[in-house]
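Shown next, in structure tokens, is the structure this report addresses.
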Amino acid sequence: MAGDTHAPAAAGATQQTGQQGTRKEAATRALADVPRVPGAKKPDPVLVADGVVRRFGGLTAVSVDHVEIQRGAITALIGPNGAGKTTFFNLLTGFDRPDEGKWSFDGTDLARVPAHKVARRGMVRTFQLTKALSRLTVLQNMLLGASGQKGESLLRAAFAGIWRSQEKANTERAMELLGRFKLDKKADDFAGSLSGGQRKLLEMARALMSDPQVVMLDEPMAGVNPALTQSLLGHVKDLREQGMTVLFVEHDMDMVRDISDWVVVMAQGKVVAEGPPDSVMADPAVIEAYLGGHHDVSLADEAAAAELEKEIEAEVEAEIAQDDAKDGHAR
Amino acid sequence: MDISILNNALAAAIGLDTVIYALAALGLNIQFGYAGLLNFGQAAFVAIGSYGIATIVSIAGLPFVVGILVGLAGSVVFALLLGIPTLRLRADYLAIATIAASEVVRLLARSNSLGAYTGGSNGLSGFAEGFYDLNPFPQGTYGFGPFAANERNTWILLVGWLLVALVALATWAIMRSPWGRVLKGIREDEDAVRALGKNVYAYKMQALVLGGLVGTLGGFVFSLGRAAVQPDNYATAFTFFTYTVLLLGGAARVLGPVVGAAIFWVVLSLTDGVLRGAIQEGWIPAALMSSSQVGQVRFMLVGLALMLLMIYRPQGIFGDRRELALDGR
Amino acid sequence: MRRAATALVALVLAVMAVVVGASAATAATETPTPAAAGQTTETTAASGSESGGLAITARVRTADGGDVEGASISVTQDGAQVATGTTDAQGSASLPVPAPGAYDVELDVDSLPESAQGLEPRSPTISTTVEEGRDRTVAFRLSEEGGGSSAGAGAGDQVLQRIATGLRFGLVIALGAIGLSLIFGTTGLTNFAHSELITLGALTTYFYTVIAGLPFLLAAAAGLVTCGVFGYLNDRVLWQPLRRRGTGLIAMMIVSIGLSLFLRYLYLYVFDGGVRTFPGYAGQGGVQVLPGVLLRPLDLWTMGLSVVVLVVVALALVKTRLGKATRAVADNPALASASGIDVDRVIRTVWVVGSALAGLSGVVLGLQQGISFQMGFQILLLVFAAVTLGGLGTAFGAVVGSLIVGLFVELSTLLIPSELQNLGALVILILILLVRPQGILGRAQRIG
């Protein structure tokens, strides 16, 4: 919102205790003494979740006892397919409602707050399947991200005089962001004409239009060609350097090693491990979670087919439930 | 076959039906074209306008201006009733709920139980005089050639087209604003817009109410122009015709509905005239088609047009190819 | 392929059972027109009157559905007589009118034949408006004391009778609903043209038996096969290519509306706007099934048959490989496809079987209410209500939902005028969407 002007730098100021150095170092220092156990307390958590449970029918998709996300750091949420990462994400951002539990953002309770209000409070998310608005231009996509627009009220919409100057300022800001993401030349193209990677970039840039405190990225690297992956990773690191907190979902462990300050591992709906990337990847619980799960089993093989015949297996049910109803069918 | 077929077709381009469907489609354009709402109950919004005037004037005996206010208020209430339960649901649920609600309105209007207020299945008439008393045109014929009309028709058409122009202007003004941008965003993907902090539900409700109100304006023109209301005019076919009109002209274009309505009625008038003429001249054997079956051919053509448009040119016949390439709907 | 064949054989067996059932019902009765409770005028978008002009069709029948022949009808406009006529053996008289406009249609009560002596219409005059290109039908319903409801039966008996007719109606809806629900489940298509499949079953059966002269049972079987083939073509020619193109669900839904409109008026064009009955099933009297419950033997046979068919379908869905595959596809097409299920074949099968079931629904409905070009469309919203109530995409939910809707429609007439009975079901449909949008048996899905 226009009112709470947390400039990107302000959010991270708390842990910048006079020391010089990049925010990566700051985040690493701040997390250095945090115990490597699930549910560990962080020195300056921006997001705290307690006892969050989501069930689909008989299956418990998410059951997180306690988790804290450190402010100003990049936290990766990893786990095999069906671990409940996206569901947890949806719960935190108000896109789904839990059966139990509460969580707070920056000290204020967020449980049962609708998705759009979560976003307005400064916690903006992207989606696993990119949601570029195809028949809007790239610039219109960006402008949609700006918050506190006067012209978004129906009563004022018809009177261009009321919103024109704000629109101009937003356009300038949008072009600046597009420039940073190297999309400025595409500003007047339909978003639907962009490549998959460019859509990911656009979605991220759009999320930044509202100056969020926390950016939540759902598999930002999924479906992006390797050439663009590095650029995307660079942008994610950049968010931290501007003082934003980043929480992102990923199921490929190698992808997170390079950029994350902290890793939270989920398996079967629970947080099974936490820690800096290197220590987490050596954790037997994590290896068990990945190898014990069957995310690498080809669905085409006999076992999976047989499973399917024995009614809908639990994991599938979770997947379906996670899908947006619209995407669930024949898209 | 004679020149009157062409004359009739030309007259249809600016005729009463064109005005009514242009208004209904302008409303639907706000809902479906811009916001992506599948309102299949536009006929009910039109009916509420028509019956608003008819019932208030002929049953309650109040001036027609009161009828207009009641119609508009009724339209808002109906939109809220429909929207509150369904706008949080998937698009196809809204479609089923609105089509059901529109049938509820029609069945109520034609029921004997409410016959005292609605005239039952015969409808109402004789309520339009208050409107025509305001007619500034003295008795006579106005216009030229195919567009000539008596003073009553001239009056209602003038008012109708004025409404169309005003609504089109208002649509243009709000759709270029950030508000219109949010609406278009919702049409593309409402979750994305929600994630950007917009109250999607409120926007959808606003679009539903606004589009319904415009449809209700069409209802006023319908009842005043015909000087009668009859419940079966507001069956689901009306809504389907309106969709065809909208798709013909191009959804999410300010003037799409107006252009679509004109084309729609010109084409129907032409096919009607040509078929009837051909039957009279004996070019189409009576065994194949009688003149009373011409009306049925009209419906078949509309159905076919709706299918073909949606499959091959969802962006309308004048639409942008670029948009077609992106069209995932 | 073997499984598909098994399913088809099961279907054909089911059809044969229908046929046997229907033939067993020998004594026949004329069936009342749909929605002819009370005096109504119906728009029937022009029947093929010889003159080629507009006409008002007047129908005179008794409350229990008997056609009244020889009644004099006159049409006046502003007091001037425009046309006169006498009802024929079907109880109808076609009265040509010169132009669109408002007319009064009057039944000369004194002209009523002996069979209808002592009965009277609610009102001897009905006002109606004829519109350009559309003929009108007005119906005079004769009863003792001018159209009062059938008083006399005790309230308890009424309830039982309504439950029986509600079940009868619910089974018809269920036959139509399964296909709609499974097609939705497997392809995501909300098929508004499903009602035209229902009508097609009745129309083709009528064609095979009346025009082609086949025995009714054979005609019904041929009708259902025609429906199955038509369903197959539907998918092959229209929907499968659209799916391949990646056409959106909303676009497909609008296409189905266009198809529905096209087919419905094609039926009208070919079949005209009248209500017909299957020959040989007129005049069958009701028998006492339970104290207070009257049903025709024909109804009992068709209800029994519907139950058998529904059970066969349910067993096929649960037991056969194809049935399981169908449910897997309905749950998650992408996953089912990845696990080696031939999704297209499943969808085709669903179309064929679903269409044939819809056709059967039409035949049964035709036996109950008569056949008209819009018979399917008139119950479409109730079918939607049933499917929604049961949970979109689930076959069992559709059956449960159908029975509830059928019962609700019939039982509601105890409290509200029967002309509003469908209205109650539609209101319930909207309320369900409000309270439990996933339906009774549907899985809770994240919404909004």
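Numbers restart at 1 for each chain; the letters A, B, ... are given by sequence-line order, proteins then strands.
In this structure, Leu238(C) CG and Ile311(B) CD1 are separated by 5.0 Å, a value rounded to the nearest 0.5 Å. The distance from atom CG of Leu38(B) to atom CE of Met253(C), rounded to the nearest 0.5 Å, is 4.5 Å. Residue Leu380(C) holds its CG atom at 7.5 Å from CD1 of Ile99(B), rounded to the nearest 0.5 Å. Taking CE of Met252(C) as the start and CE of Met310(B) as the end, the distance is 11.0 Å to the nearest 0.5 Å. In this structure, CE on Met289(B) lies 3.5 Å from OH on Tyr269(C), to the nearest 0.5 angstrom.
Test Leu301(B), Val302(B), Thr244(B), Leu304(B) against Leu261(C) for side chain to side chain contact (heavy atoms under 4.5 Å, CB included) and you get one pass: Val302(B). Checked options Tyr265(C), Phe262(C), Tyr267(C); the residue passing with Phe299(B) is Tyr265(C) (criterion: ring-ring contact (aromatic ring centres under 6.0 Å, His included)).
Considering only residues two or more places apart in sequence or on other chains, Arg106(B) meets the side-chain hydrogen bond (donor to acceptor under 3.5 Å, both in side chains) condition with Glu103(B), Asp232(B). Partners of Tyr117(B) according to the ring pair (Phe, Tyr, Trp, His ring centres under 6.0 Å) rule, which considers only residues two or more places apart in sequence or in another chain, do not exist here.
In this structure, chain C has no heavy atom under 4.5 Å from any part of Val294(B). Within the 4.5 angstrom heavy-atom criterion, only side-chain atoms of Leu429(C), from C-beta onward, approach chain B. Of the two parts of Ile254(C), the backbone and the side chain both hold a non-hydrogen atom closer than 4.5 Å to a non-hydrogen atom of chain B. Looking at Leu381(C), the atoms closer than 4.5 Å to chain B (heavy atoms on both sides) all sit in the side chain, from C-beta outward. With a threshold of 4.5 angstrom between heavy atoms, Ile416(C) does not approach chain B through any atom at all. For a residue to count as touching a neighbouring chain, one of its non-hydrogen atoms must lie under 4.5 Å from one of that chain's; by this rule Ile279(B) does not touch chain C. For chain C, no part of Leu81(B) is nearby; none of its heavy atoms comes within less than 4.5 Å.
Nearest heavy-atom pair across Leu420(C) and Ser113(B) is CD1-OG, 3.8 Å.
Between Asn112(B) and Pro417(C), the closest side-chain pair of non-hydrogen atoms is not below 4.5 Å. Leu268(C) places none of its side-chain heavy atoms less than 4.5 Å from the side chain of Gln293(B). Residues Gln296(B) and Phe373(C) have side chains not in contact (no heavy-atom distance under 4.5 Å, counting atoms from C-beta outward). With a 4.5 Å cut-off on side-chain heavy atoms, Thr236(B) and Ile257(C) do not count as touching.
Below 30°, between 30° and 60°, or above 60°: for Phe192(C) and Phe40(B) the angle between ring planes is between 30° and 60°, a tilted geometry.
Residue with the most contacts toward chain C among Ala101(B), Gly120(B), Ser111(B): Ser111(B) (heavy-atom pairs, distance under 4.5 Å).
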